[in-house]
Amino acid sequence: MPETATQVRQLGFGEAIREAIAEEMRRDPSIVLMGEDVAEAGTTFKQLKGLVEEFGKDRIIDTPISEAGFTGIGVGAAMTGMRPIVDIMFGDFLTLIMDQLVNQAAKIHYMSGGKWKVPLVVRATMGALRRSGSQHSQSLHAWPSHIPGLKVVVPSTPYDAKGLFKAAIRDDNPVVVFEDKISYTKVKGPVPEEEYIIPLGVADVKREGSDITFVATSSMVQVALGAATMLEEVGVSAEVVDPRTTWPLDEKTLVDSVKKTSRCIVIDEGYYRYGVTGELAAVIQEGAFYDLDGPVRRLGAKHVPIPFSPPLEDVTVPTERDVFELARQMCNK
Amino acid sequence: MPETATQVRQLGFGEAIREAIAEEMRRDPSIVLMGEDVAEAGTTFKQLKGLVEEFGKDRIIDTPISEAGFTGIGVGAAMTGMRPIVDIMFGDFLTLIMDQLVNQAAKIHYMSGGKWKVPLVVRATMGALRRSGSQHSQSLHAWPSHIPGLKVVVPSTPYDAKGLFKAAIRDDNPVVVFEDKISYTKVKGPVPEEEYIIPLGVADVKREGSDITFVATSSMVQVALGAATMLEEVGVSAEVVDPRTTWPLDEKTLVDSVKKTSRCIVIDEGYYRYGVTGELAAVIQEGAFYDLDGPVRRLGAKHVPIPFSPPLEDVTVPTERDVFELARQMCNK
Amino acid sequence: MTTTTKSATASGPGVDKLLRMYRQMLAIRLFEERVNDLYTRALMPGLAHLYIGEEAVAVGICEALRTDDYITSTHRGHGHCLAKGADPRVMFAELLGKEAGYCKGKGGSMHIADPSTGNLGANAIVAGSAGIATGAAFASKYLKNNRVAVCFFGEGALGQGVLYEEMNLAQLWKLPVIYACENNMYNEYTHYSESTAGDLLARPAAFGMAAEAVDGQDVKAVFNTAQKYVERARRGEGPAFLLLNTYRYHGHHVGDVATLRAIYRPKSEEEEWMTTRDPIKRFVDWLLSEKITDKAALEDIEKELTAEMNGAVEFAVNAAFPATDKVDHDIYA
Amino acid sequence: MTTTTKSATASGPGVDKLLRMYRQMLAIRLFEERVNDLYTRALMPGLAHLYIGEEAVAVGICEALRTDDYITSTHRGHGHCLAKGADPRVMFAELLGKEAGYCKGKGGSMHIADPSTGNLGANAIVAGSAGIATGAAFASKYLKNNRVAVCFFGEGALGQGVLYEEMNLAQLWKLPVIYACENNMYNEYTHYSESTAGDLLARPAAFGMAAEAVDGQDVKAVFNTAQKYVERARRGEGPAFLLLNTYRYHGHHVGDVATLRAIYRPKSEEEEWMTTRDPIKRFVDWLLSEKITDKAALEDIEKELTAEMNGAVEFAVNAAFPATDKVDHDIYA
Ligand SMILES: Cc1ncc(C[n+]2csc(CCOP(=O)(O)OP(=O)(O)O)c2C)c(N)n1
Ligand SMILES: Cc1ncc(C[n+]2csc(CCOP(=O)(O)OP(=O)(O)O)c2C)c(N)n1
Ligand SMILES: [Mg+2]
Ligand SMILES: [Mg+2]
């Protein structure tokens, strides 16, 4: 992020994404966006409000409640001259499009010997703590990250969200962008007026530190930064590294940070088991083993369906306090 | 496996599973099995031949090509007094049942505060090397392993397959059993006549050794054992540990073995990234870090859609040679 | 679509039954008014989808069912659950995430489930319960316990492919399931004519399924039609599809206020339905004109219910939240 | 279902067109006979699903298309690909996994794809291409390039929910797509009457879609009907569904030999179709009786094709396999 960041205008997380989509749609008429209630309603989360007024109903398209159906249309349209963006209101509904995404979109370029391309963007949401219950609170980004042929973006700031989303739209491959629902309303940040693009596969050091590295994704970047501030008081200097995309993965930046600090906690909001924290921890210990003070530790959502009751839901997702306590103990402070 | 194993009768991998299903169906009339061409045809792989003759078409049920549809029926029937087994011919078709499996089956017990139960078994296949192309060769067991509320079984021998399958049927939770397609025809082994059950969540040391631990699942257990034999000649003693279920996970047996040998390679046929190898490597370095000689290494399917062409497909999946070379280098032999 | 309206004749419901229908419809309305109040006072977490205006659908159908018959419900499910016999105290407790709720607070508004009244659970995935209801009907036929399963869903669910897989299976296997399609004309903020091609009733009819449209604001018509098809299903003559034309008075959820509703439906339409077709008012007028009861008797019922609902709210508000250590109970049976 | 048969009249195809249809049907048959031979001689890896018996369907439809129109194909796809203009040499090379194949050997028999003939790809997921074809039609309408997309699938695909989502969307948005349902009466080893409730044509009709049954063994009838609906779609008047009644002479795949077929279809049925309804023989008889050509001319064509096919096989058998380092090319564009 440019030094001048603090002087530039502040945008909300959702606003930054809307701006990315609007700019790209002005540039490239082959881009359309389709999903449930994306037009006048501007999605359930309202963050696309205004797009249909500028681009019309031919390009901002309301669909029936047919996630597999319109994602399939996105795949076919992407193969035949368009750059569709399909909107999956809740990331939990990825369950319904896995065949279109994994057996079709991800494999078509390879299966055709490189002859067909699928420049498709799938927008999906993630994140809990909205009291939405087990079927509307999951962070399933580990699934597409497992699949060769897909790219997966997990932005944490308005600046990153805008630059990465533009890169996703221009990418000639199927890209899944996971947007944290809480960030729509909670996260604001500097976004310069001038155009910029952030290439997929480049991690960002969100905070420099010397004692411990927090590798954090999406919603957990804010949590890691909060914990880092708390840790200052006990004399622990924490570095926060944000991979920004789970695939392609910038292994070097992650590993170099841990080589420097010798300690690491991986923090991700997906379910703890067989997910993102496992892969990142494995990669980091492979690359930084001999510089590590102790094992790479992981914090993720409890291995529990996300409960509705607020006090229960609050303990399923890693908090600043959780990160603080674990880091403090790892640094013996 | 009992000492007497070598004296007892030999069964094929598929035969052992058929026997498990037949024994349980004789014991419990609430068990039915449904799927595409499971009755007279005995599945595309023919390994259920004979069941329809014994149990009739009311219990061995041919379905339309509606994986989501009949899995959903399995979920509802499991809630209301039955123990259905649903057959997903190729594990690649899990893409079509993820909502039934993940948003429904896995969460119903929890979301209902423990009031409803879902004693459902989903049989799925896995494994490449059959020249079946990108959509019929995947090993997607990492996906359900990521989801709280599900149990996941990955048997490697006829003995384990039978004992674990019986446990899966008797379990009151949704259990996904992944059967390696190549093993149906290639793997034979001792299976005692007398009944036995193998509890879910107990790993098995398939071979004892002192220099390095291979943590291997399903089809990769045979590969690990083959490599272990090759390694004897260069003076390396390899231990092979088979978790048998990815969830519940017997962390202790894995970690204890690595504490003893100080070296570890995790081997799994799923895609290498964000899958089973990542979780197991992370768990092992967390538990055995201070006894490790070097980082836990991983071998999985290349991060590539599985190609059709034989010479290409052959290099996507870990081989005995791959394991041998890596182990030898790790042991400096 | 023609609308069949049957008046209560000799063959129709008796006085007790009629008064019970009035009580049940009013109970739902009073319940939902309190949900609206709790929500707007920020006492209820998550989202609230009110059933006000659609009471005759749930009541007319559930009055045609036995306690051991099954239902599955939706995100707009409070009416279905109450009509099937749920206790308002335990319902409110669940809506507020309290331990005393039907799901110990783990399910919430969109996941009320109750084995004691045959409620297989509300579902937050559109069409997500189609498989569960069809599976319960499968078990009923297999176990010969003569139960009927009713699958409630909104017309938006016609967009989900799994519904067609289930209707094909139900008709093929003659399962005792009733697909109750509540056509309130809107999928969230989109009129169903923008998401549904062709004639709605032609869809189930295509599978050879009995299908009939009913005035969903006429509780007697709903009851008589439901009874006809429920008994037909019980006799083993197969499934049916009911298209219940109805209207939701409030927004898609409580947050969707009048000003927002203006973008997708005219105020005049709302007023017309509320003033000329209100299911409770119409039924009361009929009860009085037919001299089945008098104003006083109806007022007594209203007083009783009001007291009951106020008590239920008070109970729920004062009830305790679950202890946080309960978060990982009930994941596995 | 009534079967419409139209004879070639003034309005029908001319002599060149008719002879081309003969050539194309015969080419498919000769191609598939060689596939059968290669497979039984163990020269072809994987599975081979032969199109023999169904030639008139692919040829009748593809002859009504422009080169830049799109098709999607199935696991039984060789006929579709050849009918749309694929080169037998490059096809055979792909079937044998050779670098010179359409997909550089990465796709195989079930994934032939070729942008130069508008072939979006064969698909090994039943109904897996419904979204792709509908999406190509969406792009055609959006980009105003007047192309029509044909989605070929077997009647077994009627079991897949996604097909209904796509048909609803196609009709709703008046997309130029033709759903070509090849009813060869069997889903693998199950007669379609055991998997499909109600009248097949009523399903598309329920969405208000034009739907018509055709004798799939009469190439002129197929061509005339296809032409009618293709031009209608091209004029922007919307999608159509064609039900092509046909028969596969061989097993579901080459391994499904006569002895196995006995469990699901009578020999007499096979004989009746082969002897009395063979599409090539019927067409030849008609060509001769109408004096459109003579025996000698047809024999010349057969000689030519035989030489071409033998040359194509030889080319493919001698072609090189891809180098193993190509395995991770073509994953991302
Ligand atoms: C598969 C799926 N897609 C989208 C949603 C988001 N969503 C919740 S309710 C709703 C509208 C449902 O409309 P309808 O089925 O008519 O029920 P109604 O709200 O009118 O009662 C949508 C799109 C969902 N819950 N599930
Ligand atoms: C979603 C899915 N389920 C199951 C299969 C396995 N399978 C391959 S072909 C086939 C039968 C298809 O029958 P039909 O659609 O009638 O085509 P046909 O083989 O008769 O040409 C099945 C079940 C598959 N490939 N995809
Ligand atoms: Mg509705
Ligand atoms: Mg068929």
Side-chain angles (χ1 to χ4, degrees), chain A residues 68 92-104 106-107 109-111 133-135 138 140 142-149 152 246-247 249 266 270-283 285-290 292 294-298 301-305 307-308, chain B residues 68 92-104 106-107 109-111 133-135 138 140-149 152 246-247 249 266 270-271 273-283 285-290 292 294-298 301-305 307-308:
Chain A
D92 311 68
F93 311 154
L94 282 182
T95 53
L96 297 162
I97 67 162
M98 291 309 270
D99 196 70
Q100 299 304 317
L101 192 62
V102 170
N103 282 334
Q104 309 305 336
K107 295 174 173 47
H109 186 66
Y110 191 81
M111 291 195 302
S134 305
Q135 295 175 334
Q138 298 172 92
L140 296 174
W143 281 352
S145 303
H146 184 48
I147 303 301
V152 180
T246 54
W247 198 260
L249 179 64
V266 180
Y271 296 122
Y272 176 57
R273 294 298 190 163
Y274 298 92
V276 167
T277 62
E279 179 66 20
L280 299 186
V283 162
Q285 63 91 36
E286 280 158 9
F289 184 83
Y290 300 101
L292 276 167
V296 177
R297 301 293 301 275
R298 304 184 285 158
K302 275 204 167 56
H303 197 70
V304 171
F308 166 75
Chain B
D92 310 68
F93 311 154
L94 281 183
T95 52
L96 297 162
I97 67 163
M98 291 309 272
D99 196 71
Q100 299 304 317
L101 193 61
V102 170
N103 282 334
Q104 310 304 334
K107 296 175 172 45
H109 186 65
Y110 190 81
M111 291 194 302
S134 305
Q135 295 174 334
Q138 299 171 92
L140 296 174
H141 46 299
W143 282 351
S145 304
H146 184 49
I147 303 301
V152 180
T246 53
W247 199 262
L249 179 63
V266 180
Y271 296 121
R273 294 298 191 164
Y274 299 91
V276 167
T277 62
E279 178 67 20
L280 298 186
V283 162
Q285 63 91 35
E286 279 158 12
F289 184 83
Y290 300 100
L292 276 168
V296 178
R297 300 295 300 274
R298 304 183 286 157
K302 276 203 166 57
H303 198 70
V304 171
F308 166 74

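Numbers restart at 1 for each chain; the letters A, B, ... are given by sequence-line order, proteins then strands. Note that the structure is predicted; figures quoted are calculated from it, not measured.
Contacts of A:Trp247 classified as side-chain hydrogen bond (donor to acceptor under 3.5 Å, both in side chains), with partners at least two apart in sequence or in another chain: D:Tyr332. Qualifying side-chain hydrogen bond (donor to acceptor under 3.5 Å, both in side chains) partners for B:Thr95, counting only residues two or more places apart in sequence or in other chains: A:Asp99, A:Asn103.
Contact annotation for A:Ile97: neither backbone nor side-chain heavy atoms come within less than 4.5 Å of a heavy atom of chain B. Looking at A:Val102, the atoms closer than 4.5 Å to chain B (heavy atoms on both sides) all sit in the side chain, from C-beta outward. At a 4.5 Å heavy-atom cutoff, the contact between A:Leu249 and chain B is made by side-chain atoms alone. Interface residue B:Leu280: only side-chain heavy atoms are found under 4.5 Å from chain A. The parts of A:Tyr271 that come within reach of chain B are both its backbone and its side chain, each placing non-hydrogen atoms under 4.5 angstrom from that chain. When heavy atoms are compared at a cutoff of 4.5 Å, B:Tyr290 approaches chain A solely by way of its side chain, counted from C-beta outward. Heavy atoms closer than 4.5 Å to chain B are found nowhere in A:Gln100, neither backbone nor side chain.
Residue with the most contacts toward chain A among B:Pro148, B:Gly278, B:Ser145: B:Pro148 (heavy-atom pairs, distance under 4.5 Å). The choice from B:Val266, B:Ile147, B:Thr277 that makes the most heavy-atom pairs within less than 4.5 Å of chain A is B:Ile147. Top candidate by heavy-atom pairs under 4.5 Å with chain A, chosen from B:Ala288, B:Gly133, B:Pro305, is B:Pro305. Top candidate by heavy-atom pairs under 4.5 Å with chain A, chosen from B:Gln135, B:His303, B:Met111, B:Arg298, is B:His303. By number of non-hydrogen pairs under 4.5 angstrom with chain B, the leading residue of A:Met98, A:Lys302, A:Arg273 is A:Arg273.
Checked by atom type, the side-chain pair A:Asp92/A:Gln138 shows a donor-acceptor distance below 3.5 Å.
Within the 3.5 Å criterion, the main-chain N or O of B:Val296 finds a donor-acceptor partner in the side chain of A:Gln285.
Interatomic distance, A:Leu101 CG to A:Trp143 CH2, rounded to the nearest 0.5 Å: 11.0 Å.
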